[in-house]
Colleague: 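What follows is a structure written as structure tokens; I'll ask about it next.
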Amino acid sequence: MKIQENISLKAYNTFGIDVKASFFAEAISKEDILEALNFARIKKVPILILGGGSNVLFTEELNAMVLKINLTGIKEIKSCDKTVLLEVGSGVIWHEFVLHSLEKGLSGIENLSLIPGTVGAAPMQNIGAYGVEIKAVFHSLEAIEISTGLTKTFHASEVKFGYRESVFKTSLKGKYIICKVYFNLSKVHSPNISYGDIQTVLDQMDQATATAKNISKAIISIRQSKLPDPKVIGNAGSFFKNPVIPAHVFNELKQKFPTLPGYPNATHVKVPAAWLIENAGWKGKRIGEVGVDQKQPLVLVNYGNGKGEEILALSRQIQTEVKAKFGILLEREVNAINSKNLIQL
């Protein structure tokens, strides 16, 4: 494995933030990961694990070992009448895995089409979109414990999935490196088209039959119409989580703001963060080289030469004004990276 020094990370994060790392390497095997960990211990520097770079915001130069995980491969482990168990390398691009499953006639993740990032990041934050979360198809994963180098298997109950979170974002944060993820996908398609504009787009595309492939095409069309392409303008997709608030709080807000949308469950209501940001006056606002996207206020953008700390400052301004107007504190979905929150060995 080649370890490089003083490397710019601009090409390795979708915001396009230009910061340097003291050391950088790409791992294509478990052995590479262990070698990188050993190197970082010898150099006495912390480590940062990097996947697709679509959920990070670099805010300063990093005196660290940045390890990009490129473990690849998709393999069928077991097949029965209705389901297939697949083993997928954590470095596989998520959308490429979705397309692979569709080509194999499998369903279960078509609603998660075009979500950026890698397979390894999917269970970490329980990715979800259009009425589906990864926990619905997750079987297990293999991960290396950073402190010991030992491999451990985690099953669904141990991962403790929540809304955009798992045990790897809470009690086990910074303790494991995910290497493989196992998914149970279905041979029998059961369409989920109740969320958002999926049915409307299917009709517009003359794709009335809600096959897995057609649903994927519809969702790709929706996402491309709403979200800016990171290859064109730097961004990390949704910057904030959609807040979930008690039903009685939502009802009080609804009286003050009658157009406020909400998606209720038994006791709480999910409120679109995009609506809150737009109605706090931030949609399309630009401050220097950073700003809020003109179409989708949930997305913060780098117009070319923005710095991570400028985007972070912008996000804090938005949080402050949304809290002042609606009494709701938005939580960042994107991870702001600095020297204080790296993995210490």
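It should be emphasised that the depicted structure is a prediction, and the values quoted were computed from it without experimental measurement.
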Colleague: Could you check whether any side-chain heavy atom of N111 comes within less than 4.5 Å of a side-chain heavy atom of I219, counting everything from C-beta outward?
Modeller: yes
Colleague: At their closest point, which heavy atom of G162 faces which heavy atom of N126, and how far apart are they?
Modeller: O-ND2, 2.8 Å
Colleague: Using the six-membered ring wherever Trp is involved, compare the ring planes of F97 and W94 and label them parallel, tilted or perpendicular (cut-offs 30° and 60°).
Modeller: perpendicular
Colleague: Would you name the heavy atoms of S339 and L62 that are closest together and state the gap between them?
Modeller: N-CD2, 4.4 Å
Colleague: Hey, what do you get for CD1 (I215) to CG (L112), rounding to the nearest 0.5 Å?
Modeller: 11.5 Å
Colleague: Please determine whether side-chain contact (heavy atoms from CB on, under 4.5 Å) holds for the pair V244 and K270, giving the CA-CA distance in whole Å, both sets of side-chain angles, and the decisive distance to 0.1 Å.
Modeller: CA-CA 4 Å; V244 179; K270 184 190 294 183; 4.3 Å; yes
Colleague: Check I17 against G308 and note the closest heavy-atom contact, atom names and distance.
Modeller: CD1-N, 3.7 Å
Colleague: Supply the atom-to-atom distance F161 CZ to M124 CE, rounded to the nearest 0.5 angstrom.
Modeller: 11.5 Å
Colleague: Please check this pair: side chain of N70 against backbone of E26, looking for a donor-acceptor N/O pair closer than 3.5 Å.
Modeller: no
Colleague: Is there a side-chain contact between E145 and K152 in this structure, where contact means two heavy atoms from C-beta onward sitting under 4.5 Å apart?
Modeller: no
Colleague: Are the side chains of E61 and N63 in contact, using a 4.5 Å heavy-atom criterion?
Modeller: no
Colleague: I'd like to know if the side chain of Y163 and the backbone of N242 have a donor-acceptor N/O pair within less than 3.5 Å.
Modeller: yes
Colleague: Step by step, work out the side-chain contact (heavy atoms from CB on, under 4.5 Å) result for F326 and N279.
Modeller: CA-CA 10 Å; F326 302 106; N279 284 272; 3.9 Å; yes
Colleague: To the nearest 0.5 Å, how far apart are CG in L276 and CZ in F257?
Modeller: 9.0 Å
Colleague: Would the distance check show the side chain of Q296 and the main-chain N or O of Q294 forming a donor-acceptor pair, the cut-off being under 3.5 Å?
Modeller: no
Colleague: Passes salt bridge (charged side-chain N to carboxylate O under 4.0 Å, His left out), K135 versus E133? Steps please.
Modeller: CA-CA 5 Å; K135 67 179 181 180; E133 290 181 323; 3.7 Å; yes
Colleague: Please confirm whether the backbone N or O of T267 pairs with a side-chain atom of N265, one donor and one acceptor, at under 3.5 Å?
Modeller: yes
Colleague: So which heavy atom on L345 is nearest to which on A40, and how close?
Modeller: CD1-CB, 3.3 Å
Colleague: What verdict does the side-chain contact (heavy atoms from CB on, under 4.5 Å) test give for E31 and L34, after you've listed the backbone C-alpha separation in whole Å, the side-chain angles of each residue and the deciding distance to 0.1 Å?
Modeller: CA-CA 5 Å; E31 291 73 23; L34 296 175; 5.7 Å; no
Colleague: How about L300 and I318: do any of their side-chain heavy atoms sit closer than 4.5 Å?
Modeller: yes
Colleague: Between V299 and P228, is any pair of side-chain heavy atoms under 4.5 Å apart?
Modeller: yes
Colleague: Test I47 against every option in Q344, M65, R41 by the side-chain contact (heavy atoms from CB on, under 4.5 Å) rule and name the one that passes.
Modeller: M65
Colleague: Given the rule that I, L, V, M, F, W and Y join up when any side-chain heavy atoms are under 4.5 Å apart, are F138 and V84 in one cluster?
Modeller: yes
Colleague: Keeping H189 on the side-chain end and A210 on the backbone end, is there a donor-acceptor pair under 3.5 Å?
Modeller: yes
Colleague: Nearest 0.5 Å, please: how far is CD in Q317 from OG1 in T320?
Modeller: 7.5 Å
Colleague: Distance check, rounded to the nearest 0.5 Å: S8 atom OG versus N13 atom CG?
Modeller: 8.5 Å
Colleague: Let's go through E331 and K241 carefully: what are the C-alpha distance in whole Å and the side-chain angles of both, what is the deciding distance for salt bridge (charged side-chain N to carboxylate O under 4.0 Å, His left out) to 0.1 Å, and is it a yes or a no?
Modeller: CA-CA 6 Å; E331 184 180 349; K241 296 180 181 180; 3.1 Å; yes
Colleague: Is it the case that one hydrophobic cluster holds both L260 and L298, taking links as side-chain heavy atoms less than 4.5 Å apart, direct or via other members?
Modeller: yes
Colleague: Using modelled atom types only, decide if a donor and an acceptor are shared between the side chain of R164 and the backbone of G128 within a distance under 3.5 Å.
Modeller: yes
Colleague: Does any N or O in the side chain of N184 come within less than 3.5 Å of the main-chain N or O of T83, such that one atom is a donor and the other an acceptor?
Modeller: no
Colleague: In Å and rounded to the nearest 0.5 Å, what is the OG1 to CD1 distance from T200 to I222?
Modeller: 8.0 Å
Colleague: Treat each ILVMFWY residue as a node, draw an edge where side-chain heavy atoms are under 4.5 Å apart, and state whether V322 and I287 are in one component.
Modeller: yes
Colleague: Can you confirm whether S315 sits close enough to L57 that some side-chain heavy atom of one is under 4.5 Å from a side-chain heavy atom of the other?
Modeller: no
Colleague: So for atom NZ, which belongs to K325, do other residues, nucleotides or ligands contribute more than 12 heavy atoms lying within a distance under 6.0 Å?
Modeller: yes
Colleague: Just checking, is any N or O donor in the side chain of T170 or E165 under 3.5 Å from an acceptor N or O on the other one?
Modeller: no
Colleague: Counting N and O atoms only, with roles assigned by atom type, does the side chain of S140 sit under 3.5 Å from a partner on the main chain of H155, one being a donor and the other an acceptor?
Modeller: no
Colleague: Between the side chains of Q199 and D203, is a donor N or O closer than 3.5 angstrom to an acceptor N or O?
Modeller: yes
Colleague: Do other residues, nucleotides or ligands put more than 12 heavy atoms under 6.0 Å from K160 NZ?
Modeller: no
Colleague: Determine, step by step, whether L253 and V271 satisfy the side-chain contact (heavy atoms from CB on, under 4.5 Å) criterion, reporting the C-alpha distance in whole Å, the side-chain angles of both residues, the deciding distance to 0.1 Å, and the verdict.
Modeller: CA-CA 11 Å; L253 281 171; V271 177; 5.9 Å; no
Colleague: Tell me if a side-chain donor or acceptor on T59 pairs with a main-chain N or O of A336 at a distance below 3.5 Å.
Modeller: no
Colleague: Is there a side-chain contact between I69 and T118 in this structure, where contact means two heavy atoms from C-beta onward sitting under 4.5 Å apart?
Modeller: no
Colleague: With a 6.0 Å cut-off (strictly less than), is the heavy-atom count around NZ of K187, excluding the residue itself, greater than 12?
Modeller: yes
Colleague: Hey, are the side chains of Q204 and V201 touching, using non-hydrogen atoms and a 4.5 Å cut-off?
Modeller: yes
Colleague: For the residue pair F239 and F15, categorise the inter-ring angle as parallel (less than 30°), tilted (30 to 60°) or perpendicular (more than 60°).
Modeller: perpendicular
Colleague: So, does K68 use its side chain to make a donor-acceptor pair with the main chain of G51 at under 3.5 Å?
Modeller: yes
Colleague: Starting from I115, can I reach I93 by hopping between I/L/V/M/F/W/Y residues whose side chains sit under 4.5 Å apart?
Modeller: no
Colleague: Could you go through the salt bridge (charged side-chain N to carboxylate O under 4.0 Å, His left out) check for E76 and K104 one step at a time?
Modeller: CA-CA 11 Å; E76 182 178 309; K104 296 294 183 181; over 6 Å; no
Colleague: Look at the side-chain heavy atoms of Ile, Leu, Val, Met, Phe, Trp and Tyr, link any pair under 4.5 Å apart, and say whether F24 and I33 land in one connected group.
Modeller: no
Colleague: Does K213 form a salt bridge (charged side-chain N to carboxylate O under 4.0 Å, His left out) with E103? I'd like the steps, not just the answer.
Modeller: CA-CA 8 Å; K213 281 189 176 182; E103 287 304 313; 3.4 Å; yes
Colleague: Taking all non-hydrogen atoms of both residues into account, name the closest pair between V292 and K283 and its distance.
Modeller: CG1-CA, 4.1 Å
Colleague: Grab the two heavy atoms, one from I134 and one from I109, that are nearest each other, plus how far apart they are.
Modeller: CD1-CG2, 4.5 Å
Colleague: Regarding E142 and Y182, do their side chains bring together a donor and an acceptor under 3.5 Å, going by distance alone?
Modeller: yes
Colleague: Just one of I337, L9, N338 clears the side-chain contact (heavy atoms from CB on, under 4.5 Å) bar with V19, so which one?
Modeller: L9
